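Since the structure comes first, as structure tokens, the remarks are kept for the end.
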Amino acid sequence: MKNINLILFLFWFNTNAQMITIPVETKDNALVLQTDKENRLRMTYFGKKLKSATEYENLKVSSARYDEANAGIASSAYTPSGTWNLGEPAIEVIHADGNTSLELKYVSHKVEKIEENVSLISVFLKDPLYSTEVTLFYKTFSNENVIEQWTVIKNLEKGVLKLKKYASANLHFVAKDFFLHHYHGEWAKEMKPEDTKLTAGIKTLDSKLNTRANIYQPPTFQLSFDEQATEDHGKVLMGTLGWSGNFRFDFEKDNYQNLKLIAGINPHAAEYSLNPNEEFKTPSFIGCYSENGQGQASRDMHNWARKYRILDGEGTRMTLLNNWEATYFDFDENKITGLFKGAKDLGVDMFLLDDGWFANKYPRNGDVAGLGDWQENKKKLPNGIGFLVKEATKAGVKFGIWVEPEMVNPKSELYEKHLDWVIREPNRPETYFRNQLPLDLSNPEVQDFVFGVLDGLFTKNPELAFIKWDCNAVTYNAHSAYLEKMKKPQTHLYVDYVNGLYKVLQRLRAKYPKIPMMLCSGGGGRVDYEALKYFTEFWVSDNTDPLERIFMQWEYSYYYPAIASCNHITDWSKVGIKYRTDVAMMGKMGYDIVVDKLDEKELLFSQNALKNYSNLKETIWKGDLYRLINPFGNQMAAVEYVKKDKSKAVIFNYLIENRFDMNSLIPDIKLKGLDPEKKYSIKEINVFPGTKSSIDEKMEYSGDYLMKIGINPAINHQRTSVVLEINEVKQ
Ligand code: DGJ
């Protein structure tokens, strides 16, 4: 939030332990907190909001399904450890005197209206015995039905308070059943979904990889209540943690079948010590709840992300030509400048130079050496980056560059000079991931270095227009020479690394607020809503096979809007350029090909596709997304984007599987989100030169017709990908 205007400020203090009710409301929903007779804070409701907020007082901790005698504690709004709670805690501490018990009682709360649509509710809790204070924050984005939650823990004891666990959110749900939609994957296999009906016990989703949060699991999930939510039906919470490091979500179903969710930084090997008067702010848990299915939740989440979270989320983006798959490490100045013309011929805005442009003593001619030595390689680029920027400008395109500033190859001058900057166990063999190691971002000198890599590039080349920030390795042997020198616990490393990264990004954004940056992590290994405060977009996956991308982009689209999702057309698969282009168009489109290798028709097709994209990008980036036909379990997929004023829409249709003469089975596809009163015409775009569309452009349909009866995209084995542009016909 850029400008915090305090409009309304309300305080409550509980002096005589009367029941306090705190509704945390958005446009449609409410999360209700209440104190019980012991003055502990409970979460007593989660669901559709009531017409009258005063009625929440009737809840009286009675709505949950449990026996007050022993399980009433399950609904704690921030479950402590070592006293009455025997379930999974949200917070676990060791006091200065070695005592491990914690009790949290309500003291006061505050409601601040930050702007018309945004409020901040903070609830102050305190241990009656020890000087440990906890404040729970709930920031509501009313129109978007998003609640952002975090916690601040303060140590007012005389000695060090050790935090063994410090969750961001502790939520409590009551429903017949709970269904979890979550993910796993690896390099080039991001966002593989799993569906699980939660059973008694704890289901944990977590990461311990530090630098790459989500090579195995990303910090995103959907939780459905009563029954599995679908696109347009059912109750569903989309949840994610804004943290670019180790996370943990625990879904604990108790023996009364209530569900407790504890979400936050992974406490694994991450005990954090607070000196007297120090406080710890957890990252944010972001939740978006809908009772109208996944579609509503993700449209709300996209609106929130564009308006409040992603850097320049409501701005514009550049189309680009990247050289990674075109050249890999094998290039020189001539080869690169030779590609600029292709970028211009194609019609993209920018050329992006990828990995391999730097290091001299140990040249970066492969992924085994040079990382960390950020000087132009003199053999490959004798005239430096400045020359490339100038040549690109002459050719009529902007110039962007790849960096991976958090990492080092052991075969590098940086490693030779600054072994103490490298995360490694000094007395054990090093373990590599892609032949590299992370630098220790808990160390302010390393933060300066990483900032300096970017700052140096911009200072020398003020016209540099774009950064692709990569981060390939996981963190083995998590040991910091800096923390050792400072006599700080090694268990601070995971937290201090990520906060160190944010410090660098904050400095960078203070000096270069607008430069677009792509968040990349060996594909989509690190995507989250804290990092996206500093990045304009993210790289979905190195896997650019369009068929795989339909599934991956489908899953990412639940949480992230198309404007942030970088989709490139590459030669990864043998599928024709049309299918690849159509799939890439469903986000922020780019290329990673040798343009000269396109034949005449392919080039013409691509040039036209870029023009179509230019005409449709506002609708794709900023419109409402409707997932019409799910590729999982169907032989085709269809995704629609509708401009906010309902004057324009675009539908992407794909054949996924072509067994048993699939085309005869394609039904009419019912559109969504149009104005039933408006008239629309339909035009097929991205038609490959020499082929004809079977869609009649002269027909006019009402929005009512298109949403109730629909249209047939006429997909068949020769028309495996069909893009339809829908335009309002002004009467
Ligand atoms: C991994 C990224 O995902 C790729 O796009 C590319 O930039 C390589 N790293 C370069 O090493």
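Here the structure is a predicted model, which means the values were calculated and not measured. Indexing begins at 1, ligand by ligand and atom by atom, following the structure's order. Values reported hereafter were calculated over all heavy atoms of this structure, with side chains retained and with hydrogens, waters and symmetry mates removed.
A centroid separation of less than 6.0 Å is found between the aromatic rings of Phe538 and Tyr556.
No side-chain donor-acceptor contact under 3.5 Å links Arg248 to the backbone of Leu205. In this structure, the side chain of Thr570 engages the main chain of Trp572 through a donor-acceptor pair within 3.5 Å.
Short contacts between ligand 1 and Lys468, defined as distances under 4.0 Å to a heavy atom of the residue, involve ligand atoms 4 (C), 5 (O), 6 (C), 7 (O). With ligand atoms numbered from 1 in the order given, ligand 1 contributes 10 (C), 11 (O) to contacts under 4.0 Å with heavy atoms of Asp355. Of all atoms in ligand 1, listed by their number and element, those nearer than 4.0 Å to a heavy atom of Cys520 are 2 (C), 3 (O). Taking a cut-off of under 4.0 Å to the non-hydrogen atoms of Asn472, the atoms of ligand 1 that pass are 1 (C), 9 (N). Counting atoms of ligand 1 from 1 in the listed order, those under 4.0 Å from a heavy atom of Asp354 are 6 (C), 7 (O), 10 (C).
With a 6.0 Å radius and a threshold of 12 heavy atoms from other residues, nucleotides or ligands, Lys380 has its NZ atom above the threshold.
One finds a salt bridge joining Lys588 and Glu537 here, because a Lys/Arg side-chain nitrogen approaches an Asp/Glu carboxylate oxygen to under 4.0 Å.
Of all protein heavy atoms, the one closest to atom 1 (C) of ligand 1 is Asp470 OD2, 3.1 Å. Regarding atom 4 (C) of ligand 1, its nearest protein heavy-atom neighbour is Asp542 OD1, 3.4 Å.
Here His568 has no heavy atoms under 4.0 Å from ligand 1, in either its backbone or its side chain.
Here Thr220 contributes atom OG1 and Met238 contributes atom CE; the two are 10.0 Å apart, rounded to the nearest 0.5 Å.
Between Ser541 and the choices Glu548, Lys189, Glu190, the side chain to side chain contact (heavy atoms under 4.5 Å, CB included) rule is met once, by Glu190.
Heavy atoms of Gln436 come nearer than 4.0 angstrom to ligand 1 in no pair at all.
In terms of polar-atom proximity, defined here as any N/O pair under 3.5 Å, Ser521 makes no such contact with ligand 1.
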